[in-house]
Amino acid sequence: MKNSLLTINYSDNKLSLKFSGEFNLYIISSYEKELLDVDLTKTTELDIDLNEIEFFDTAASIFINNLTNRVTSQNIRVNIICSNRDVLDTLELVKSQKKHAAKIPFIKKKTFLQSI
């Protein structure tokens, strides 16, 4: 596995997260730990820079989607900075699947004993 890096910068109420290298399921937990210490109380804008990503899987996309949703609910504007079409497509795929999944009604099936 190639190196992965998250660089966190904060200035003028703007938080910047710059991801580089591989961004996958195996690195997400360490990124979550790093982001736990970030104070968002005065943040008004978040830049997520994915331009230096060499590998990006769906788990990473779900992580970015959840992070985006969490901070947007706190009235923080999010900017995704990325020129890699594959990364952008993966982000869009997860986003659209999450929206679609939210619209699917939950149907409770009868258990075997209930159907008798």
Side-chain angles (χ1 to χ4, degrees):
M1 180 172 11
K2 293 186 179 183
N3 291 338
S4 300
L5 181 65
L6 168 59
T7 306
I8 302 171
N9 291 314
Y10 189 83
S11 82
D12 299 327
N13 298 336
K14 184 176 185 176
L15 176 64
S16 296
L17 305 177
K18 184 174 186 174
F19 297 90
S20 58
E22 292 188 0
F23 192 171
N24 56 38
L25 176 64
Y26 303 105
I27 196 70
I28 288 173
S29 62
S30 68
Y31 288 166
E32 285 177 333
K33 289 176 187 173
E34 287 184 61
L35 293 173
L36 282 177
D37 296 331
V38 176
D39 181 15
L40 296 175
T41 54
K42 295 182 181 179
T43 304
T44 58
E45 191 172 352
L46 169 64
D47 284 347
I48 300 174
D49 187 341
L50 303 171
N51 274 326
E52 294 184 15
I53 292 295
E54 296 173 16
F55 178 80
F56 190 77
D57 68 6
T58 54
S61 184
I62 291 168
F63 174 81
I64 294 296
N65 186 65
N66 291 343
L67 174 64
T68 301
N69 290 340
R70 188 176 74 220
V71 298
T72 347
S73 71
Q74 298 174 24
N75 295 320
I76 298 171
R77 192 177 85 193
V78 178
N79 304 307
I80 302 290
I81 303 163
C82 183
S83 57
N84 183 324
R85 188 78 249 158
D86 292 334
V87 171
L88 292 170
D89 288 346
T90 306
L91 286 168
E92 188 58 37
L93 174 69
V94 165
K95 186 177 178 180
S96 65
Q97 287 297 318
K98 288 269 193 177
K99 283 182 183 177
H100 179 70
K103 294 177 185 177
I104 299 173
F106 177 74
I107 300 171
K108 186 175 180 181
K109 292 185 178 183
K110 291 183 179 181
T111 64
F112 175 73
L113 291 175
Q114 290 173 329
S115 63
I116 299 180

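All heavy atoms count here, side chains included; hydrogens, waters and symmetry mates do not. Predicted model only: the values in this text are computed from it and were never measured.
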Open item on the list: Asp47: which residues meet the side-chain hydrogen bond (donor to acceptor under 3.5 Å, both in side chains) condition with it, sequence neighbours left out?
Closed with: Lys14, Asn79
Task: Candidate pair Leu93 and Gln97, rule side chain to side chain contact (heavy atoms under 4.5 Å, CB included), full reasoning - done: CA-CA 6 Å; Leu93 174 69; Gln97 287 297 318; 4.2 Å; yes
Open item on the list: Between Phe56 and Glu22, is the side chain to side chain contact (heavy atoms under 4.5 Å, CB included) condition met? List the steps.
Closed with: CA-CA 6 Å; Phe56 190 77; Glu22 292 188 0; over 6 Å; no
Open item on the list: Going by the rule side-chain contact (heavy atoms from CB on, under 4.5 Å), which residues pair with Thr43 if we only count those two or more places apart in sequence or in a different chain?
Closed with: Tyr10, Leu15, Leu40, Ile76
Task: CA sep, side-chain torsions, deciding dist, call: Val78, Ile48, side chain to side chain contact (heavy atoms under 4.5 Å, CB included) - done: CA-CA 7 Å; Val78 178; Ile48 300 174; 4.0 Å; yes
Open item on the list: Please check: side-chain N/O of Ser61 versus main-chain N/O of Thr90, any donor-acceptor pairing under 3.5 Å?
Closed with: yes
TODO: For Arg77, check side-chain hydrogen bond (donor to acceptor under 3.5 Å, both in side chains) against everything at least two apart and list the hits.
DONE: Glu45
Open item on the list: Checking Asn9 now: which residues fulfil side-chain contact (heavy atoms from CB on, under 4.5 Å) with it, not counting sequence neighbours?
Closed with: Thr7, Ser16
Open item on the list: Using the side-chain contact (heavy atoms from CB on, under 4.5 Å) criterion, which residues pair with Asp49? Sequence neighbours excluded.
Closed with: Lys18, Asn51, Ile81
Open item on the list: Check for me, please, whether Ile62 and Leu88 land in the same ILVMFWY cluster - side-chain distances under 4.5 Å, paths through other members count.
Closed with: no
Task: Within one Ile-Leu-Val-Met-Phe-Trp-Tyr cluster: Leu46 and Val94, side-chain cutoff 4.5 Å - done: no
Task: ILVMFWY cluster, Ile80 and Leu67 together (side-chain gap under 4.5 Å) - done: yes
Task: Main-chain N/O of Phe55 paired to Asn24 side chain as donor or acceptor, under 3.5 Å - done: no
TODO: Kindly compute the distance separating OG (Ser73) from CG (Asn75), expressed to the nearest 0.5 Å.
DONE: 8.0 Å
Task: Distance, nearest 0.5 Å, that separates CG of Asn66 from CD of Glu32 - done: 9.0 Å
Task: side-chain contact (heavy atoms from CB on, under 4.5 Å) partners of Leu6, counting only residues at least two apart - done: Ile8, Leu17, Phe19, Tyr31, Glu34, Leu35
Task: Cluster overlap Val38 with Ile64, hydrophobic side-chain contacts below 4.5 Å - done: yes
Task: Value rounded to 0.5 Å, distance of CD1 in Ile28 from OG in Ser4 - done: 10.5 Å
- [ ] Could you tell me the separation between the CD atom of Glu52 and the OG atom of Ser83, rounded to the nearest 0.5 Å?
- [x] 10.0 Å
